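Report on the following structure.
This is a predicted model, so every value here is computed, not measured. Indexing begins at 1, ligand by ligand and atom by atom, following the structure's order.
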Amino acid sequence: MPKSILILFAHPSYARSRANRALRAVAEGRDHVTLHDLYETYPNFLIDVEAEQRLLLDHDHIVLMHPFFWYSAPSLVKEWLDVVLDYGWAYGEGGTALAGKSWTQAITTGGPAQSYCSDGLNRFSIDELLRPFQATANLCQCVWQDPFVLHASRQATPEILADAAAKFSAMLEGLIDG
Ligand SMILES: Cc1cc2nc3c(=O)[nH]c(=O)nc-3n(C[C@H](O)[C@H](O)[C@H](O)COP(=O)(O)O)c2cc1C
């Protein structure tokens, strides 16, 4: 039985995107994948909490897909977390709605891979910087997956983007196949 994936896509200036555009192309229109563009749906940040919670309930896997912004996500993702992952629904007493679903961050960074280590420019690894997301997934009893990361995305050649898209596609297939 194929599993279903909900991609929560967040890019505030998607018209100018190269990296996320290349990755997103392999998800769009794909069987068992719902690509949900948060900035397109909520340009005014007024999130329909019930609709978001229904979408989450309808899928097995959650993928948060976004460019890395200030070692985190674009701000609509934070708003989404704040209002959708409600006490008593996603966590806390009786809050088991997301228990057992998987949670994957799919990010593109401006910085190269070697800048994300203790003696590199960014001082911390991607795994360390994603800890708040991992902790959130943990509190919601989701299963944290290794993140998908495309580094140095602004310098990526068409070949590099195509290779990353193929890897992202394989990751999605793996999730669908369980
Ligand atoms: C507001 C802002 C903050 C950013 N913060 C980071 C950051 O913390 N680390 C990093 O490696 N790149 C950072 N970048 C670079 C973006 O991650 C990069 O431009 C993006 O991944 C490119 O993807 P795209 O082609 O889909 O737009 C930042 C860019 C912007 C506009």
Side-chain angles (χ1 to χ4, degrees), residues 5-30 32-47 52 55 59 61-85 102-138 144-176:
I5 303 175
L6 175 62
I7 298 182
L8 298 162
F9 182 84
H11 197 313
S13 48
Y14 183 57
R16 294 200 297 272
S17 164
R18 284 178 69 242
N20 283 277
R21 182 178 300 278
L23 299 178
R24 176 175 154 154
V26 301
E28 257 162 341
R30 189 175 186 137
H32 313 297
V33 176
T34 303
L35 194 130
H36 182 41
D37 187 328
L38 293 179
Y39 275 90
E40 188 182 76
T41 311
Y42 304 116
N44 299 320
F45 279 51
L46 297 172
I47 293 173
E52 295 302 308
L55 263 180
H59 293 81
H61 299 293
I62 304 164
V63 176
L64 261 69
M65 179 175 181
H66 55 86
F68 211 35
F69 272 16
W70 287 114
Y71 307 110
S72 183
S75 51
L76 183 53
V77 174
K78 181 62 165 61
E79 177 67 7
W80 185 94
L81 294 168
D82 289 353
V83 300
V84 176
L85 303 185
S102 83
W103 181 310
T104 310
Q105 297 290 139
I107 63 170
T108 62
T109 74
Q114 65 270 21
S115 68
Y116 282 100
C117 61
S118 57
D119 53 1
L121 178 71
N122 293 303
R123 294 286 171 171
F124 301 97
S125 70
I126 291 289
D127 281 348
E128 288 170 322
L129 293 164
L130 288 178
R131 287 280 193 263
F133 290 103
Q134 186 174 3
T136 303
N138 175 60
W144 179 254
Q145 307 285 318
D146 285 343
F148 179 91
V149 186
L150 170 58
H151 284 294
S153 56
R154 281 181 302 204
Q155 283 80 45
T157 61
E159 292 72 28
I160 289 172
L161 289 178
D163 180 61
K167 289 185 173 124
F168 186 56
S169 178
M171 189 204 83
L172 294 178
E173 209 49 49
L175 289 175
I176 291 166

Summary of salt bridge (charged side-chain N to carboxylate O under 4.0 Å, His left out) pairs that have at least one residue in residues 144-163, sequence neighbours excluded
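Matches after skipping sequence neighbours: D163-K167.
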
Enumerate the atoms of ligand 1 whose separation from the nearest heavy atom of [X] is less than 4.0 angstrom.
X    : answer
Y116 : 9 (N), 10 (C), 11 (O)
R18  : 24 (P), 25 (O), 26 (O)
H11  : 24 (P), 26 (O), 27 (O)
R154 : 19 (O)

Enter the distance from [X]:[atom1] to [Y]:[atom2] here, rounded to the nearest 0.5 Å.
X    : Y    : atom1 : atom2 : value
I176 : M171 : CD1   : CE    : 9.5 Å
F45  : L38  : CZ    : CG    : 9.5 Å
W103 : N138 : CH2   : CG    : 10.5 Å

In the protein, which heavy atom is nearest to [atom], and how far is it?
atom                    : result
atom 30 (C) of ligand 1 : F69 CE1, 3.5 Å
atom 5 (N) of ligand 1  : W70 N, 2.8 Å
atom 23 (O) of ligand 1 : T108 OG1, 3.4 Å
atom 8 (O) of ligand 1  : Y71 N, 2.8 Å
atom 22 (C) of ligand 1 : S153 OG, 3.2 Å
atom 12 (N) of ligand 1 : G110 N, 3.0 Å
atom 17 (O) of ligand 1 : F68 O, 2.8 Å

Can you tell me if Y14 and N20 form a side-chain donor-acceptor pair at under 3.5 Å?
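Side chains of Y14 and N20: no pair found under 3.5 Å.
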
Does a donor on one side chain and an acceptor on the other come within less than 3.5 Å for R18 and T108?
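Per modelled atom types, R18 and T108 side chains form no pair under 3.5 Å.
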
Acceptor/donor pairs from residues 72-81 side chains to any protein atom, 3.5 angstrom cut, sequence neighbours excluded:
from: K78; atom 1: NZ; to: D82; atom 2: OD1; distance (Å): 2.9
from: K78; atom 1: NZ; to: D82; atom 2: OD2; distance (Å): 3.2
from: W80; atom 1: NE1; to: E52; atom 2: OE1; distance (Å): 2.8

Examine distances only and state if a side-chain atom of N122 and a backbone atom of F124 form a donor-acceptor pair shorter than 3.5 Å.
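Between the backbone of F124 and the side chain of N122 there is no qualifying donor-acceptor contact (under 3.5 Å).
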
Would you find a donor on one side and an acceptor on the other, under 3.5 Å apart, between the side chain of S115 and the backbone of G120?
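Absent.
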
Of all the heavy atoms in Y14, does at least one lie under 4.0 Å from an atom in ligand 1?
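Distance cut 4.0 Å: Y14 fails for ligand 1.
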
Polar-atom distance check: P67 versus ligand 1, any N or O pair below 3.5 Å?
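N/O-N/O distance below 3.5 Å does not exist for this pair.
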
